[in-house]
Amino acid sequence: MASDETRRALGRAFRELTLNLIGLFELYEADPELVEGAAEALGKVYRAHLQQRPTAPRGRGRQAMDALLDEMDAATGAA
Amino acid sequence: MGLQHVRRALKTELRAETSMKLFDETKKRHPALAEHETPLSVLAVLGDESARRWAEREALTRALVTEEQERPHSLWAALLLAAYYPMLSRLRHRIYGNDLDPEDLDQLVVSTFLEVVRAFPLADQRDRTAMHLRQMTQRRVFRHIREEHAARILIAPDDVSDLPPFAPDAWPGAPKPRRRRHKAGPGPVDCRDVVELLTARAAHLGQDQLDLVVTTMVRGERLRVYVERTFPDSDPDERDRIYQRLKRQRSRTIARLRGLLADLRCPRSATGGLCPSGPEKEEASDGQ
C-alpha cells in the first residue's frame, strides 16, 4: 500500500483533476450524462485508491462532479 | 457581441498558453489562487454556490477583481465573466422591451459588469463581494435602460399619427384615475426594492431560488411561461418535469422566506401581510 504521503499527494491530484473537469464542463456546458459518467468513473478510481467505502450520496447530472468533490474534501477534512 | 459569443471568446482565452503563464505568475501574489493549478479549477470553485465554498469563492473573487484593477488583463476579465455568466444571463433575460436591440442588451450587461469590477471599492466592501457585484451590475443596467427609455419618450414624433391617443386625465389638475389592476407584473425596474430586500435578507438561499421567486411572484410571470422562456430547447415532457421541479423548489423557497421575513409582518393585518406604506395607506382608505 502506498505511503500516507503518496496517498495524500494522489488525493490532492484527484481533487485538482476533479476541479479542472468541473470548470471545463461548466465552460462547455457539458451534457449532464457526460458529467455524471465522468463523476462515476473518477469516483470509482478514487475510492479504490483510498480504500474507503463510499458513504456520500452520489450527485445526478451536472451535480455529480460537485458531489464527488465534496466527498474528496470530506475524506481529507478540507470541507 | 451576444452573450453566447462572449462565452466562445472566454474558452479561447482560458486555453491560451500565455494565460497559463500569467496565472502561474499571479498565484505568487494571492494565496487563494495558489491553491489551484489552472484557471479552470478556479472557475469550478467560483461556479459552486454551496455554502461550504462561500469563503473560498469570496477570496477568489476578490483576488481576480484586484488583479483586474491593478494589472488589467483579458484573462481576469474572462475568468470573472465565465464565473458570473449564469448571473449575467439571468439578468439579461429579465429585461424586456424594445428600447435596445437584443445584442445591445447583451453587450450592455457584459460591459456594465466589467465597469463595476474595475471600479469596485475593495477597501470599503470587505465581504459579500459577489453579492455586491451582482447588485451594482443590476442597478447600473436598469438605470441605463430607464434613461434609454426616458430619452425615447422625450423625442418628439415627426408625424401627428405618431402621437398617443388623447388622454384628458393626464392634464394637470385632472382627478387621478382609479388604480387598475394590471394583469402583467411590474417591469424589472419596479422590483428593485423587493430584490434588494430579498438579496439582503436571503442571499444564502441561492441566487437561482431568489430569481425564481422574483420572476414569478414579484414580477408576475407565470411559471409555465418562465420555463418555456428559460428552457426553449427542451421537449414538452422535459419542460413539464422542469416545471414540476421548479414549482416544488419555489414552494420550499417561499416557506423559508416566510421565516426570514417574519419580523416584517404587519401586526395589525389579519392576514399577516406587510404594513402598507404612506401612499398605499391612502389608496387602501379609498377602497383600492
Side-chain angles (χ1 to χ4, degrees), chain A residues 5-43 45-46 49-50 52 54-79, chain B residues 3-4 6-16 19-20 23-24 27 32-57 60 64 75 78-89 206 208 230-231 233-234 238 241-242 245 249:
Chain A
E5 187 183 340
T6 303
R7 266 202 297 271
R8 277 197 296 275
L10 289 175
R12 282 196 299 273
F14 267 84
R15 186 178 186 275
E16 186 62 31
L17 173 61
T18 303
L19 277 171
N20 274 280
L21 281 174
I22 291 172
L24 199 65
F25 288 156
E26 275 181 24
L27 195 58
Y28 286 89
E29 295 175 288
D31 191 87
E33 288 182 2
L34 167 62
V35 178
E36 197 173 321
E40 187 68 29
L42 197 60
V45 174
Y46 172 75
H49 160 72
L50 288 182
Q52 285 188 349
T55 54
R58 310 286 175 89
R60 286 278 173 245
R62 294 203 172 102
Q63 307 305 316
M65 291 293 283
D66 293 324
L68 178 59
L69 186 66
D70 291 342
E71 188 181 334
M72 290 176 178
D73 285 344
T76 58
Chain B
L3 277 175
Q4 284 300 328
V6 167
R7 203 176 180 94
R8 283 196 292 275
L10 297 180
K11 292 171 192 170
T12 305
E13 184 64 49
L14 290 175
R15 287 200 311 257
S19 294
M20 278 307 304
F23 184 76
D24 285 340
K27 278 161 56 171
L33 289 177
E35 299 284 322
H36 298 271
E37 289 297 319
T38 69
L40 286 174
S41 174
V42 170
L43 189 60
V45 174
L46 289 173
D48 185 345
E49 294 186 351
S50 66
R52 265 186 306 279
R53 296 200 170 81
W54 186 90
E56 191 178 0
R57 276 204 318 279
L60 285 171
L64 294 177
L75 172 62
L79 264 176
L80 285 164
L81 281 170
Y84 285 85
Y85 181 88
M87 180 274 284
L88 295 174
S89 183
D208 281 348
T230 313
F231 302 94
D233 297 329
S234 299
E238 177 66 19
R241 281 192 288 275
I242 292 170
R245 176 168 56 82
Q249 183 182 304

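All values reported here derive from a predicted model rather than from experimental measurement. Chain A is the first sequence line, chain B the second, and so forth, proteins listed ahead of strands; every chain is numbered from 1.
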Shortest non-hydrogen contact between L43(B) and G23(A), atoms and distance: CD2-O, 3.7 Å

Of the options T18(A), L19(A), L24(A), which is the one that meets S41(B) in a side chain to side chain contact (heavy atoms under 4.5 Å, CB included)? L19(A)

Please report the interatomic distance CE(M65(A)) to CG(D48(B)), rounded to the nearest 0.5 Å. 12.0 Å

So how far is it from L27(A) CG to E13(B) CD, rounded to the nearest 0.5 Å? 11.5 Å

Has E37(B) got a side-chain atom pairing as donor or acceptor with E16(A)'s backbone, closer than 3.5 angstrom? no

Between L69(A) and chain B, with a heavy-atom cut-off of 4.5 Å, which part of the residue counts as in contact: side chain, backbone, both or neither? both

So which part of Y28(A) gets closer than 4.5 Å to some heavy atom of chain B, the side chain, the backbone, both or neither? both

side-chain hydrogen bond (donor to acceptor under 3.5 Å, both in side chains) filter on Q249(B), not counting sequence neighbours, yields none

Any residue meeting ring pair (Phe, Tyr, Trp, His ring centres under 6.0 Å) with F23(B), in chain and number order, not counting sequence neighbours: none

State, with a plain yes or no, whether a side-chain heavy atom of D70(A) is found less than 4.5 Å away from one of R53(B). yes

Is the number of heavy atoms from other residues, nucleotides or ligands within 6.0 Å of CD (E29(A)) greater than 12? yes

Would you say E33(A) has more than 12 foreign heavy atoms packed within less than 6.0 Å of its CD? no

